[in-house]
Undergrad: 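Structure provided below as structure tokens; questions to follow.
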Amino acid sequence: MSLDVLLKTNPYSLKKTDKSPILAKELHMLTQYHYNNCQPYQRILKAFDFDPFDNIEHYEELLPLPVRLFKELTLKSIADDKIVKTMTSSGTSGQTVSKIYLDKYTALAQQNVGVKITAGFLEIPRMPLIIVDSPSILKSRTSYSARSAAVLFFSLFGRDKIFALDDDMNIDLAKIESFMNKHKGQPILYFGFTFIVWQHFYKPLADAGIKFTDTEGILIHSGGWKNMLSMRVSPQQFKYELAQVCGITRVQNEYGIAEQSGTIYFECEHDSFHASIFSDIVVRREKDLSVCNFGEPGIIELVSILPHSYPGHALLTEDEGVIIGEDDCPCGRMGKYFRVLGRIHNAELRGCSDTYEVSN
Amino acid sequence: MKSVTKEIQHDKWMDRIEFVTGKADKLHNLPKISAWTSFDERIISFLNEMSNALIKERRTKNHPDIVSLAFWIRRSNVQYMRQNYPDCEERLGKGIAYHIAPANVALSFAYSLVVGLLAGNINIVRLSSRHFDQAEIFCSVLNSILEQDYYKTVAERIFLVKYEHDKEITDALSSICNMRIVWGGDATIATIRLSPTQPRTTEVTFANRFSICLINADTYLDKCNPKKIAHNFYLDTYLTDQNACSSPRIIFWFGKKTGEAQDVFWSALYEHFLHDYTLPPVITVDKLVVACRYATANNCRIIPTPDYKLLRVRPQHLSTSILDNFSSGGFFYEYDITAVEEILPVCTRECQTLSYLGFDKSDLKKVVLENTPFGIDRIVPIGHTMDFGMIWDGVDLIRELTRVVVTK
């Protein structure tokens, strides 16, 4: 089934019996394609004695590449002159970042699919948008990071937009209030990274005793809960406080990895992330990489039919998660639904080094 | 000339130190304590008592490395080692030895301490913050023996401490020591070197290293008991999660029946000794990442057991890119050779130990001394890579940690 047809389908309308064969076929073809066009990828498959031309029953049989490889190596299946965009994942300081090479097809496919998925979660296609971040992240067009990509992507859903923070990450209250007045009576869309929303938007407002009570807002946030946990803020508290102080009545958590843009995962009304028809999740036991049962936590592997220009169609992430179920979420959406539990631990175990070498 | 015996003033940094053995208030006096001659009888007697106590200790049964250490420090072995130092009574400790122990091998700190004591020094040993049962057992036995009045003067020469990465503490202890011993890794050494020492203070460092193994396949099949060899290999590798500098990372197979020998060797290891081995959680993913990374640039076969406890990489060609792609917890490169000299390209400065099976050690020594690779400091049989010796990483520790008084 071609991407065009899938784009016309409701992203959560396919049951396992329908979705599985479609994905298996696409992913199998992608494995063969990348095998033929990406030398390093071919070497890996050959080393593991994995013949991509053998039949597979399920995409769980595919060898997932650990995302870390994209930080260390150039992995692409296109000639240099076909690259239209190079995306880097946002790394914290000192870490190397992943480099993802996009050709025209992949870049467009990722955008179209991302839009299709997001539109399903927003009743109103384009709203006044407040980006809870600083304009400086978009300033450098040469280093195009996952953070700036996310901002640019969600900007598509804004028919008028501002940045809530200044270049120093301080809240620009005057600008926000004037924007809200301009769009009085309309719901506002917010997008930001979870920790930034809490620390640089909610907190200054709460500390100053300011409340946006006569506006209604929807927040799309992403970026993981690790920092929030260390501040002892639960998801319930997060939602409650944002409602109380910022007038945000709907909070929409979003999950995705830079190495598979476009196939993003939104949290439903029942607090589970949903896999769309364009991608899927497999959870593997950390100790031997075997597939977990539903309800059993493990490392998240994500498969996506979008990566054509780089062998990113089956990736082992650095996140821990658990699949709750498939096709039977109370929200009514088909497909696997899951929770993300955090990053997998990253102990420095090799060599003689003691705490002097532990990285954060 | 002014006396340069520095005093240690009590300072806040002392409060950040946890004293496993020794007390904070004794630190300030250290620079005034005299060194002893090497192999002093009081130390030998103390170590012998430690040896007996460790053997008797109930918890030692689960730890072959404690047993090895106990045997190493018993009187007869220490007297034996003493014979290598006929001038030992003219050798004095340098003074205060400041040791930074590694995080990968539980009892390295203990060996370092023993060598420091036998050399006649006063010893401040920073233990790794990583918990090891063996370290706990050793320290509790040590502390109970030191409670005896008889060992009061020995107790004055032993400080086992723990503290977080702390430049102020490192600066302070470095400034008073006469000898600094850093047990790696490379980054730790670089960090410690930022703390200055006195002009005559010398330093011994043990940087990141790896080791290799050479097996004669035909001898293995004809003459060896696979289970016994597997046990020896296990001691060299899985016992320290393959994290020690002496842990073999590359296994070379020599002979006609290499394929058959490999099948027998790895099955014996897996079936008899890996059943109860648990991989530290993040290691499986690391093995996968490193194997993939290596494979992207080198034609090879990757053979993991389904549970990933043992992963073999068989390169088509041997190149030094292997050295940038090591993992641990059971990750081995494997290569068939027809001449011993074929191991030489990977014997870089980082290559510490060559363990062997089915070869004459003098033949191997000849190959090394004739070809003079930058690496290989010791050649030992399989099962003995963890045996500690006074000469470590090519350094004679007693000679390094002492000064000789010469008379004419």
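Here is how names work: the chains are called A, B, and so on, in the same order as the sequence lines, proteins then strands, and each is numbered from 1. Note that the coordinates shown come from a computational prediction; the quantities given were computed from them, not determined experimentally.
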Undergrad: Could you tabulate the donor-acceptor pairs under 3.5 Å formed by side-chain atoms of residues 46-58 of chain A, not counting sequence neighbours?
TA:
residue	atom	partner	partner atom	Å
A/Lys46	NZ	A/Gln42	OE1	3.1
A/Asp51	OD1	A/Phe53	N	2.8
A/His58	ND1	A/Glu60	N	3.0

Undergrad: When rounded to the nearest 0.5 angstrom, what distance separates CG in A/Leu73 from SG in B/Cys292?
TA: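 One finds 9.5 Å between CG of A/Leu73 and SG of B/Cys292.
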Undergrad: To the closest 0.5 Å, what do you measure between OG1 (B/Thr278) and NZ (A/Lys287)?
TA: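 It is 10.0 Å, given to the nearest 0.5 Å.
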Undergrad: Within residues 306-314 of chain B, which positions have a heavy-atom distance to chain A below 4.5 Å?
TA: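 Checking residues 306-314 of chain B against chain A gives B/Pro306, B/Asp307, B/Tyr308.
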Undergrad: Need one label for B/Asn298: side chain, backbone, both or neither, based on atoms under 4.5 Å from any heavy atom in chain A.
TA: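 It is the backbone, since no side chain atom gets that close.
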Undergrad: Give, as side chain, backbone, both or neither, the part of A/Leu45 having an atom under 4.5 angstrom from any heavy atom of chain B.
TA: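 For A/Leu45, there is no contact with chain B at all, as no heavy atom is under 4.5 Å.
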Undergrad: Might you confirm whether atom NE2 of B/His275 has over 12 heavy atoms from other residues, nucleotides or ligands at distances under 6.0 Å?
TA: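 Not more than 12 within 6.0 Å, no.
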Undergrad: Rounded to the nearest 0.5 Å, what separation is found between the CD1 atom of A/Ile44 and the CG atom of B/Leu288?
TA: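 Here the interatomic distance stands at 8.5 Å.
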Undergrad: From A/Arg68 CZ over to B/Asp286 CG, what is the distance, rounded to the nearest 0.5 angstrom?
TA: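 Separation between the atoms: 5.0 Å.
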Undergrad: For B/Lys162, does the NZ atom have more than 12 heavy-atom neighbours from other residues, nucleotides or ligands under 6.0 Å away?
TA: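 Counting other residues, nucleotides and ligands, NZ of B/Lys162 exceeds 12 neighbours.
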Undergrad: Rounded at 0.5 Å granularity, tell me how far CZ in A/Arg284 sits from OG1 in B/Thr284.
TA: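 Taking CZ in A/Arg284 and OG1 in B/Thr284, the distance rounds to 12.5 Å.
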